[in-house]
Amino acid sequence: MGRKVTLSTCSLNQWSLDFDGNLERITRSIEIAKSHGAKYRLGSELEICGFGCADHFFESDTLLHSFQVLRKLLESPLTEDIICDVGMPIMHHNVRYNCRVLFLNRKILLIRPKLMMANTGNYRELRWFAPWKQSGYVEEYFLPKMIQEVTGQDVVPIGDCVLSTKDTCLGSEMCQELWSPCSPHIHMGQDGVEIFTNASASHHELRKADQRVHLIQSATTKSGGIYLYSNHRGCDGERVYYDGCSLVAINGDVVAQGSQFSLNDVVGVHVDVHVRCAREEGAEPIQAPRARQ
Ligand SMILES: NC(=O)CC[C@H](N)C(=O)O
(Lines give C-alpha, C1' and ligand atoms only; values in the text may rest on other atoms or scores of the structure.)
Protein backbone atom coordinates (compact mmCIF):
# COMPACT_ATOMS: atom_id res chain seq x y z
CA MET A 1 0.00 0.00 0.00
CA GLY A 2 1.57 3.29 -1.07
CA ARG A 3 1.52 6.66 0.56
CA LYS A 4 -0.78 9.42 -0.70
CA VAL A 5 0.99 12.43 -2.11
CA THR A 6 -0.12 15.55 -3.97
CA LEU A 7 1.81 16.51 -7.10
CA SER A 8 1.47 19.77 -8.93
CA THR A 9 2.31 20.98 -12.42
CA CYS A 10 1.49 24.30 -14.06
CA SER A 11 1.40 26.46 -17.18
CA LEU A 12 2.81 29.95 -16.73
CA ASN A 13 2.72 32.84 -19.17
CA GLN A 14 6.48 33.50 -19.01
CA TRP A 15 8.25 36.15 -21.07
CA SER A 16 11.83 36.10 -22.33
CA LEU A 17 14.11 38.13 -20.03
CA ASP A 18 11.22 39.25 -17.77
CA PHE A 19 13.06 37.96 -14.70
CA ASP A 20 10.86 39.80 -12.17
CA GLY A 21 7.59 38.83 -13.83
CA ASN A 22 8.74 35.23 -14.34
CA LEU A 23 9.75 34.99 -10.67
CA GLU A 24 6.39 36.41 -9.60
CA ARG A 25 4.48 33.82 -11.67
CA ILE A 26 6.71 30.95 -10.47
CA THR A 27 6.13 32.10 -6.89
CA ARG A 28 2.38 32.21 -7.44
CA SER A 29 2.39 28.69 -8.88
CA ILE A 30 4.28 27.41 -5.82
CA GLU A 31 1.77 29.19 -3.55
CA ILE A 32 -1.10 27.49 -5.39
CA ALA A 33 0.67 24.10 -5.29
CA LYS A 34 1.23 24.44 -1.55
CA SER A 35 -2.37 25.49 -0.94
CA HIS A 36 -3.33 22.10 -2.44
CA GLY A 37 -0.86 20.35 -0.15
CA ALA A 38 1.55 19.47 -2.97
CA LYS A 39 4.97 18.04 -2.12
CA TYR A 40 6.35 18.46 -5.64
CA ARG A 41 5.89 21.33 -8.10
CA LEU A 42 6.93 21.16 -11.76
CA GLY A 43 7.27 24.18 -14.05
CA SER A 44 7.88 24.53 -17.79
CA GLU A 45 11.14 24.53 -19.75
CA LEU A 46 13.51 27.45 -19.03
CA GLU A 47 10.75 29.15 -17.03
CA ILE A 48 13.14 31.42 -15.11
CA CYS A 49 14.55 33.32 -18.10
CA GLY A 50 11.88 32.40 -20.67
CA PHE A 51 12.27 29.78 -23.41
CA GLY A 52 12.67 32.20 -26.32
CA CYS A 53 15.68 34.26 -25.23
CA ALA A 54 17.35 33.37 -28.56
CA ASP A 55 20.84 34.94 -28.79
CA HIS A 56 20.39 36.45 -25.32
CA PHE A 57 21.33 32.95 -24.16
CA PHE A 58 24.86 33.88 -25.28
CA GLU A 59 24.93 36.78 -22.78
CA SER A 60 26.37 35.97 -19.37
CA ASP A 61 23.74 38.30 -17.84
CA THR A 62 20.99 35.86 -18.82
CA LEU A 63 22.68 33.13 -16.80
CA LEU A 64 23.55 35.48 -13.94
CA HIS A 65 20.00 36.82 -13.56
CA SER A 66 18.66 33.25 -13.71
CA PHE A 67 20.85 32.37 -10.71
CA GLN A 68 19.64 35.51 -8.91
CA VAL A 69 16.04 34.36 -9.37
CA LEU A 70 17.00 30.85 -8.22
CA ARG A 71 18.57 32.35 -5.10
CA LYS A 72 15.36 34.25 -4.31
CA LEU A 73 13.38 31.02 -4.67
CA LEU A 74 15.81 29.08 -2.47
CA GLU A 75 15.70 31.78 0.23
CA SER A 76 11.93 32.10 0.25
CA PRO A 77 10.00 30.40 3.10
CA LEU A 78 7.47 29.52 0.41
CA THR A 79 9.75 26.80 -0.99
CA GLU A 80 10.03 24.98 2.36
CA ASP A 81 8.76 21.38 2.42
CA ILE A 82 8.03 21.16 -1.29
CA ILE A 83 10.36 19.84 -3.99
CA CYS A 84 10.55 22.61 -6.58
CA ASP A 85 11.61 21.72 -10.12
CA VAL A 86 12.49 24.87 -12.07
CA GLY A 87 14.07 25.46 -15.50
CA MET A 88 17.07 27.69 -16.33
CA PRO A 89 20.25 27.76 -18.45
CA ILE A 90 23.45 26.69 -16.69
CA MET A 91 27.07 26.90 -17.83
CA HIS A 92 29.16 23.88 -16.78
CA HIS A 93 32.82 23.59 -17.84
CA ASN A 94 32.20 26.52 -20.23
CA VAL A 95 29.37 24.71 -22.00
CA ARG A 96 25.78 25.95 -21.82
CA TYR A 97 23.04 23.46 -20.92
CA ASN A 98 19.25 23.73 -20.79
CA CYS A 99 18.59 22.46 -17.26
CA ARG A 100 16.13 21.50 -14.58
CA VAL A 101 17.11 22.43 -11.03
CA LEU A 102 15.42 20.36 -8.33
CA PHE A 103 15.64 21.65 -4.79
CA LEU A 104 14.12 21.10 -1.36
CA ASN A 105 14.51 23.09 1.85
CA ARG A 106 17.38 25.28 0.59
CA LYS A 107 19.38 22.35 -0.80
CA ILE A 108 19.85 21.65 -4.49
CA LEU A 109 19.18 17.94 -5.03
CA LEU A 110 20.03 17.67 -8.69
CA ILE A 111 20.72 19.60 -11.87
CA ARG A 112 19.36 17.67 -14.83
CA PRO A 113 20.52 18.95 -18.25
CA LYS A 114 18.51 18.25 -21.40
CA LEU A 115 19.77 15.21 -23.31
CA MET A 116 18.07 15.68 -26.68
CA MET A 117 17.67 19.08 -28.26
CA ALA A 118 14.82 20.38 -30.41
CA ASN A 119 16.45 21.60 -33.59
CA THR A 120 13.95 21.33 -36.41
CA GLY A 121 11.11 23.57 -37.59
CA ASN A 122 10.77 26.48 -35.17
CA TYR A 123 13.44 25.17 -32.83
CA ARG A 124 17.16 26.00 -32.95
CA GLU A 125 18.30 24.82 -29.55
CA LEU A 126 21.68 23.53 -30.75
CA ARG A 127 22.65 27.12 -31.50
CA TRP A 128 22.57 27.94 -27.77
CA PHE A 129 22.82 24.67 -25.88
CA ALA A 130 24.79 21.45 -25.95
CA PRO A 131 22.99 18.19 -25.24
CA TRP A 132 24.23 16.49 -22.05
CA LYS A 133 27.23 14.26 -22.67
CA GLN A 134 25.80 10.81 -22.13
CA SER A 135 22.72 9.11 -20.77
CA GLY A 136 23.13 7.84 -17.19
CA TYR A 137 26.24 10.01 -16.67
CA VAL A 138 26.70 12.41 -13.72
CA GLU A 139 29.40 14.94 -12.78
CA GLU A 140 29.92 17.47 -9.98
CA TYR A 141 28.77 21.03 -10.54
CA PHE A 142 30.47 23.80 -8.57
CA LEU A 143 27.76 26.19 -7.44
CA PRO A 144 28.29 29.94 -7.81
CA LYS A 145 29.07 31.73 -4.54
CA MET A 146 25.67 33.45 -4.34
CA ILE A 147 24.00 30.00 -4.26
CA GLN A 148 26.58 28.42 -1.93
CA GLU A 149 25.80 31.18 0.60
CA VAL A 150 22.18 30.03 0.75
CA THR A 151 22.48 26.25 0.38
CA GLY A 152 25.77 25.66 2.20
CA GLN A 153 26.68 23.28 -0.65
CA ASP A 154 29.84 23.63 -2.74
CA VAL A 155 29.05 20.98 -5.32
CA VAL A 156 25.85 19.27 -6.47
CA PRO A 157 25.25 16.49 -8.99
CA ILE A 158 24.70 17.51 -12.60
CA GLY A 159 23.65 14.91 -15.15
CA ASP A 160 21.21 12.21 -16.08
CA CYS A 161 20.07 10.58 -12.88
CA VAL A 162 16.85 10.09 -10.94
CA LEU A 163 15.70 11.15 -7.51
CA SER A 164 14.92 8.53 -4.88
CA THR A 165 12.81 9.52 -1.89
CA LYS A 166 11.50 7.46 1.05
CA ASP A 167 8.28 6.75 -0.81
CA THR A 168 9.00 6.84 -4.49
CA CYS A 169 11.41 7.45 -7.34
CA LEU A 170 11.13 10.42 -9.69
CA GLY A 171 12.82 10.93 -13.05
CA SER A 172 12.85 13.97 -15.34
CA GLU A 173 12.61 14.15 -19.05
CA MET A 174 12.49 17.39 -21.01
CA CYS A 175 10.19 18.34 -23.87
CA GLN A 176 11.84 16.91 -27.01
CA GLU A 177 12.92 13.79 -25.14
CA LEU A 178 9.28 12.62 -25.06
CA TRP A 179 9.16 12.79 -28.88
CA SER A 180 12.28 10.70 -29.40
CA PRO A 181 12.24 6.98 -30.28
CA CYS A 182 14.63 6.41 -27.36
CA SER A 183 12.91 8.58 -24.73
CA PRO A 184 14.51 8.50 -21.28
CA HIS A 185 11.18 7.39 -19.76
CA ILE A 186 11.71 3.96 -21.36
CA HIS A 187 14.89 3.22 -19.40
CA MET A 188 13.66 5.07 -16.34
CA GLY A 189 10.56 2.85 -16.35
CA GLN A 190 12.77 -0.24 -16.52
CA ASP A 191 14.82 1.16 -13.64
CA GLY A 192 11.68 1.45 -11.49
CA VAL A 193 10.96 5.17 -11.76
CA GLU A 194 7.38 5.82 -10.76
CA ILE A 195 6.89 9.55 -11.30
CA PHE A 196 8.01 10.84 -14.71
CA THR A 197 8.13 14.57 -15.25
CA ASN A 198 8.36 16.59 -18.43
CA ALA A 199 9.11 20.31 -18.56
CA SER A 200 8.20 21.57 -22.02
CA ALA A 201 7.99 24.57 -24.27
CA SER A 202 5.84 23.13 -27.03
CA HIS A 203 4.12 25.47 -29.45
CA HIS A 204 0.61 25.20 -30.83
CA GLU A 205 -0.07 23.40 -34.07
CA LEU A 206 -3.37 21.84 -35.04
CA ARG A 207 -3.65 18.30 -33.58
CA LYS A 208 -0.30 18.54 -31.77
CA ALA A 209 -1.85 18.57 -28.29
CA ASP A 210 -3.46 15.26 -29.25
CA GLN A 211 -0.07 13.85 -30.27
CA ARG A 212 1.38 14.87 -26.89
CA VAL A 213 -1.44 13.13 -25.07
CA HIS A 214 -0.84 9.95 -27.08
CA LEU A 215 2.89 10.00 -26.37
CA ILE A 216 2.26 10.51 -22.64
CA GLN A 217 -0.39 7.81 -22.52
CA SER A 218 1.98 5.42 -24.25
CA ALA A 219 4.79 6.30 -21.80
CA THR A 220 2.70 5.35 -18.77
CA THR A 221 0.89 2.40 -20.35
CA LYS A 222 4.09 0.44 -20.96
CA SER A 223 5.56 0.21 -17.48
CA GLY A 224 2.93 2.03 -15.45
CA GLY A 225 3.51 5.20 -13.48
CA ILE A 226 2.53 8.82 -13.15
CA TYR A 227 3.49 11.37 -15.83
CA LEU A 228 3.48 15.07 -14.97
CA TYR A 229 3.69 17.35 -17.99
CA SER A 230 4.21 21.11 -17.75
CA ASN A 231 3.98 23.26 -20.87
CA HIS A 232 4.59 26.95 -21.17
CA ARG A 233 1.57 29.05 -22.23
CA GLY A 234 1.79 32.28 -24.18
CA CYS A 235 4.12 33.76 -26.77
CA ASP A 236 7.27 34.20 -24.71
CA GLY A 237 8.52 36.96 -27.01
CA GLU A 238 8.42 34.71 -30.07
CA ARG A 239 6.11 34.45 -33.08
CA VAL A 240 4.55 31.19 -31.94
CA TYR A 241 1.96 30.36 -29.29
CA TYR A 242 2.85 27.83 -26.60
CA ASP A 243 -0.41 26.18 -25.74
CA GLY A 244 -0.30 25.02 -22.14
CA CYS A 245 -2.40 21.88 -21.61
CA SER A 246 -0.22 20.85 -18.66
CA LEU A 247 -1.48 17.48 -17.57
CA VAL A 248 -1.14 14.44 -15.39
CA ALA A 249 -1.54 10.87 -16.64
CA ILE A 250 -1.59 7.71 -14.55
CA ASN A 251 -1.12 4.28 -16.09
CA GLY A 252 -2.24 5.45 -19.53
CA ASP A 253 -5.18 7.64 -18.46
CA VAL A 254 -5.15 11.44 -18.41
CA VAL A 255 -6.54 12.32 -14.97
CA ALA A 256 -6.13 16.11 -14.99
CA GLN A 257 -5.44 18.69 -17.68
CA GLY A 258 -5.10 22.48 -17.77
CA SER A 259 -6.53 24.77 -20.40
CA GLN A 260 -5.00 25.34 -23.84
CA PHE A 261 -6.08 28.95 -24.49
CA SER A 262 -6.52 30.49 -21.05
CA LEU A 263 -5.93 34.18 -20.37
CA ASN A 264 -4.77 33.36 -16.85
CA ASP A 265 -1.06 33.91 -16.32
CA VAL A 266 -0.82 31.02 -13.86
CA VAL A 267 -2.73 27.77 -14.29
CA GLY A 268 -2.05 24.97 -11.79
CA VAL A 269 -2.94 21.28 -12.23
CA HIS A 270 -2.82 19.05 -9.16
CA VAL A 271 -3.42 15.38 -8.40
CA ASP A 272 -3.53 13.23 -5.28
CA VAL A 273 -1.91 9.90 -5.99
CA HIS A 274 -0.98 6.78 -4.11
CA VAL A 275 2.64 6.22 -4.98
CA ARG A 276 3.65 2.56 -5.34
CA CYS A 277 0.00 1.65 -6.10
CA ALA A 278 0.39 3.38 -9.45
CA ARG A 279 3.28 1.12 -10.46
CA GLU A 280 1.71 -1.97 -8.89
CA GLU A 281 -1.46 -1.42 -10.89
CA GLY A 282 0.48 -0.51 -14.06
CA ALA A 283 0.34 -2.66 -17.15
CA GLU A 284 3.60 -4.54 -16.83
CA PRO A 285 5.71 -5.58 -13.85
CA ILE A 286 9.11 -3.90 -13.55
CA GLN A 287 11.57 -5.51 -15.96
CA ALA A 288 15.25 -6.13 -15.37
CA PRO A 289 17.06 -2.88 -14.68
CA ARG A 290 18.97 -1.31 -17.52
CA ALA A 291 22.52 -2.51 -17.78
CA ARG A 292 24.73 0.53 -17.28
CA GLN A 293 27.99 0.77 -19.20
N1 LIG B 1 11.19 22.57 -26.58
C2 LIG B 1 11.15 21.41 -27.22
O3 LIG B 1 11.99 20.52 -26.98
C4 LIG B 1 9.99 21.22 -28.16
C5 LIG B 1 10.09 20.14 -29.19
C6 LIG B 1 8.89 19.25 -29.42
N7 LIG B 1 8.98 18.59 -30.67
C8 LIG B 1 7.56 19.97 -29.26
O9 LIG B 1 7.13 20.68 -30.14
O10 LIG B 1 6.90 19.76 -28.27
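Atoms within a ligand are numbered from 1 in the order they appear, just like the ligands themselves. By convention here, the first residue in the shown sequence is residue 1. Because only heavy atoms are used, hydrogens play no part in the values below, and waters and symmetry mates are left out as well, while side chains stay in.
Below 3.5 Å of separation, one finds no N or O of Arg212 facing any N or O of ligand 1. The shortest N or O to N or O distance between Gln176 and ligand 1 is below 3.5 Å.
A 4.5 Å side-chain heavy-atom check between Ile32 and Val266 finds at least one atom pair inside the cut-off.
Looking from atom 9 (O) of ligand 1 to the surrounding protein, the closest heavy atom is Lys208 NZ, 2.7 Å. Looking only at protein heavy atoms, the nearest one to atom 8 (C) of ligand 1 is Ser202 OG, 3.2 Å. The protein heavy atom nearest to atom 2 (C) of ligand 1 is Cys175 SG, 2.8 Å. The protein heavy-atom contact nearest to atom 1 (N) of ligand 1 is Glu45 OE1, 2.9 Å.
Within the structure, ligand 1 has Glu125 among the residues with a heavy atom less than 4.0 angstrom away. Using a 4.0 angstrom heavy-atom cutoff, Ser200 does not count as in contact with ligand 1.
Distance CZ/Arg106 to CG/Leu104: 10.5 Å, rounded to 0.5 Å. In this structure, Leu228 CG and Asp85 CG are separated by 9.5 Å, a value rounded to the nearest 0.5 Å.
Ring-plane geometry between Phe67 and Tyr141 is classed as parallel, the angle between the planes falling under 30 degrees on a 0 to 90 degree scale with a further cut at 60. Between Tyr123 and His203, the ring planes lie tilted relative to each other; the angle falls in the 30° to 60° range.
With hydrogens and angles ignored, the 3.5 Å screen pairs no side-chain donor or acceptor of Ser183 with any backbone N or O of His185.
Residue Lys208 places its NZ atom among more than 12 non-hydrogen atoms of other residues, nucleotides or ligands, all under 6.0 Å distant.
Heavy-atom proximity to Lys114, at under 4.0 Å, picks out these atoms of ligand 1: 1 (N), 2 (C), 3 (O). Residue Phe51 approaches ligand 1 through these ligand atoms, each under 4.0 Å from one of its heavy atoms: 1 (N).
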